[in-house]
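Here is how names work: the chains are called A, B, and so on, in the same order as the sequence lines, proteins then strands, and each is numbered from 1. Keep in mind it's a predicted model, so treat the numbers as computed, not measured.
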Protein chains: 2
Amino acid sequence: MDVYAAISDPSRRAILDLLLEGDRAAHELLGAFRFSQPALSKHLRVLREHGLVSMRKRGREHLYHLEARQLREVSQWVAHYERFWNEKLDRLGNLLEDMP
Amino acid sequence: MDVYAAISDPSRRAILDLLLEGDRAAHELLGAFRFSQPALSKHLRVLREHGLVSMRKRGREHLYHLEARQLREVSQWVAHYERFWNEKLDRLGNLLEDMP
DNA sequence: GAGTTCAATAACCGTGTGGTTATGTATTCG
DNA sequence: CGAATACATAACCACACGGTTATTGAACTC
């Protein structure tokens with residue numbers, strides 16, 4: 001499984017979206033979903049194994065933290081297609097070069 | 001299956017990448033892969049059903065054409081994470097607003 | 001120490017995915 | 001016309017995926 005497969009599941013994308021707002025313990029994340037605790041644990045394991053999240057323990061809680069850098073590959077891949085719907089992007093590269 | 005699942009397969013991403021360079025007949029695409037013709041046909045069907053490619057017939061050839069707009073959803077989703085590896089993006093939104 | 005909470009793992013299961021071979025259908029070529 | 005080419009579909013198969021329940025193991029709480 002690669003990063004694309006890891007984010008192909010809507011539940012896992014939702015987890016990442018939640019972590020976008022800050023670190024969360026597993027039981028906090030669970031409240032956002034209808035499936036069982038082991039199901040969440042499996043999703044978190046997949047995300048961990050792909051470096052999309054990291055975990056540290058605080059007492060009995062497992063705090064999960066977003067590691068967004070692993071999404072860079074996806075971002076770069078899809079960027080090749082962006083000119084098809086955004087004409088402004090043609091000039092964007094140059095602008096970025098000039099920025100301090 | 002949603003768009004994310006459609007692009008979760010590396011072969012299908014490779015097909016899209018090939019179509020990035022221009023329209024291709026199915027048998028031309030097939031040359032880039034090791035799997036069988038029906039396997040390619042299935043991948044193309046998935047891509048068609050998600051609007052990621054379109055097809056027109058020319059004689060007995062089926063010409064496939066990239067429909068990149070369907071990737072916009074992916075692009076927008078991953079954009080939420082881009083600030084984690086690109087500080088310049090923070091100021092990017094404002095710049096885009098000012099562009100003609 | 002006993003019970004409770006938080007989370008991971010094990011074992012299992014139905015379903016979907018990606019591949020195959022075999023077949024069918026147009027279309028072109030000789 | 002018959003043969004060959006291009007492609008899709010049907011039928012099948014091994015395997016991975018996402019879910020479940022049951023169990024286990026830490027770590028608080030009383």
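- In this structure, a donor-acceptor pair under 3.5 Å is absent between the side chains of Y81(B) and N86(B).
- H80(A) and R83(A) make their closest contact through O-NE, 4.3 Å (heavy atoms, listed as atom of the first residue, atom of the second, distance).
- Dashed line: the shortest gap from a side-chain N or O of H43(A) to OP1 or OP2 of dC17(D) is not under 4.0 Å.
- Interface residues of residues 28-36 of chain B facing DNA chain C, ordered by number: F35(B), S36(B); criterion, heavy-atom separation under 4.0 Å.
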List, one per line, each side-chain donor-acceptor pair under 3.5 Å for residues 46-55 of chain B, sequence neighbours excluded.
from, atom 1, to, atom 2, distance (Å)
R48(B), NE, Y64(B), OH, 3.4
E49(B), OE2, R45(B), NE, 3.2
H50(B), ND1, V46(B), O, 2.9
H50(B), NE2, M1(B), O, 3.0
S54(B), OG, E67(B), OE2, 2.8

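- Using a 4.0 Å heavy-atom distance criterion, A25(A) is classed as a sugar-phosphate-only contact.
- Minimum interatomic distance between D23(B) and L66(B) (heavy atoms only, all atoms of both residues): OD1-N, 4.5 Å.
- Taking 4.5 Å as the limit, some side-chain heavy atom of E73(B) sits within range of a side-chain heavy atom of Y4(B).
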Please write out the pairs of protein N or O atoms and N or O atoms of nucleotides 24-30 of chain D separated by less than 3.5 Å, giving the distance to one decimal.
none

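- Summarising the geometry, atom CG belonging to L29(A) is positioned 12.0 Å from atom OG belonging to S11(A); distances are rounded to the nearest 0.5 Å.
- The distance from the CG atom of L63(A) to the CZ atom of R58(A) is 4.5 Å, given to the nearest 0.5 Å.
- Side chain of R12(A) to backbone of A6(A): a donor-acceptor contact under 3.5 angstrom is found.
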Checklist entry - Given the rule in the side chain to side chain contact (heavy atoms under 4.5 Å, CB included) test, do V74(A) and W77(B) qualify, once you have shown the distances and angles that lead to the verdict? => result CA-CA 10 Å; V74(A) 179; W77(B) 178 77; 5.7 Å; no

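- Proximity of V78(B) to I7(A): side-chain heavy atoms (C-beta onward) are nowhere separated by under 4.5 Å.
- A donor-acceptor pair is defined here as one N or O able to donate and one able to accept, closer than 3.5 Å; no such pair exists between the side chain of S41(B) and the backbone of P38(B).
- Side chains of L44(B) and H62(B) form no contact here, defined as non-hydrogen atoms less than 4.5 Å apart.
- Nucleotides of DNA chain C lying under 4.0 Å from heavy atoms of chain A occupy a range whose first and last members, 5' to 3', are dT4(C) to dA11(C).
- Put simply, H27(B) has a side-chain N or O that comes within less than 4.0 Å of OP1 or OP2 on dC7(D).
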At a cut-off of 3.5 Å, list every protein nitrogen or oxygen paired with a nitrogen or oxygen from nucleotides 8-11 of chain D, distance to 0.1 Å.
from, atom 1, to, atom 2, distance (Å)
dA8(D), OP1, H62(B), ND1, 3.3
dA8(D), OP1, Y64(B), OH, 2.4
dA8(D), OP2, S41(B), OG, 2.7
dA8(D), O5', S41(B), OG, 3.3
dA8(D), N7, Q37(B), NE2, 2.7
dA8(D), N6, Q37(B), OE1, 3.2
dT9(D), OP2, R45(B), NH1, 2.9

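- Between D2(B) and R13(A) there is a salt bridge, since a side-chain N of the basic residue sits under 4.0 Å from a carboxylate O of the acidic one.
- Each end of the helix from dG1(C)-dC30(D) to dG30(C)-dC1(D) gets its own axis, taken as the rotation carrying the C1' atoms of four end pairs onto the next four within a five-pair window, and the two axes meet at 10° to the nearest 10 degrees.
- A centroid separation of 6.0 Å or more is found between the aromatic rings of H43(A) and F33(A).
- Rounded to the nearest 0.5 angstrom, E61(A) CD and R56(A) CZ are separated by 10.0 Å.
- In this structure, CZ of R12(A) is placed 8 Å from C1' of dC17(D), rounded to the nearest angstrom.
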